[in-house]
Amino acid sequence: MLFNLLENAGKYTPKGSRIEIGAKVNGPNVDIWVADNGPGLPKGKEEDIFKKFERGQKESATPGVGLGLAICQAIVEAHGGRIRAENGPEGGARFIFSLPRGNPPSHDPAEQAVSAAEG
């Protein structure tokens, strides 16, 4: 999913544009974002671009069928999160997805063996 957001940023921004990746803890969630300083999103399309076969610009020479963001949304929602898009205050687009923090899996082999034996 992160690859898709980075690929889109590279596709839809002019050569030499800045692309930023960031994350922060936001209460019970982690917010992760990909932002660029390109032309941004068409006004009023911030939610529509997550629909199947929807693209930011209808007559674009940029290759794609408009499924990438719909797939990203399905993945995030399947993990109990949400995704949104916005235009930055100084231009460019920003995609933010939030996922529940939860507990990371254990890396202790003995602990994993006990869990497997109990399960």
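- Of all heavy-atom pairs spanning F50 and R84, the tightest one is CZ-C, 3.9 Å.
- Here the shortest heavy-atom pairing between I83 and C72 reads CD1-CB, 4.2 Å.
- A donor-acceptor pair under 3.5 Å links the side-chain atoms of E46 to the main chain of G44, judged by distance alone.
- The distance from atom CD1 of I71 to atom CG of N4, rounded to the nearest 0.5 Å, is 7.5 Å.
- Closest heavy-atom contact between I49 and A85: CD1-CB, 3.9 Å.
- S17 and G38 get closest at one heavy-atom pair: OG-CA, 4.5 Å.
- When all heavy atoms of V76 and R82 are compared, the pair lying nearest together is CG1-N, 3.1 Å.
- Atom CG of residue L69 and atom CG of residue L5 lie 6.5 Å apart, to the nearest 0.5 angstrom.
- Within the structure, side chain to side chain donor-acceptor pair (under 3.5 Å) contacts touching residues 18-28 (residues at least two apart or in different chains) are E20-W33, N26-D31.
- With values rounded to the nearest 0.5 angstrom, N87 atom CG is found 12.0 Å from R94 atom CZ.
- Interatomic distance, CG of L99 versus CD1 of I32, reported as 5.0 Å (0.5 Å rounding).
- By the criterion of side-chain heavy atoms lying less than 4.5 angstrom apart, applied directly or through intervening Ile, Leu, Val, Met, Phe, Trp or Tyr residues, V30 is grouped together with L6 in one hydrophobic cluster.
- Across every non-hydrogen atom of A9 and V34, the tightest pair is CB-CG1, 4.3 Å.
- The CG atom of D36 lies 8.0 Å from the CZ atom of F95; values are rounded to the nearest 0.5 Å.
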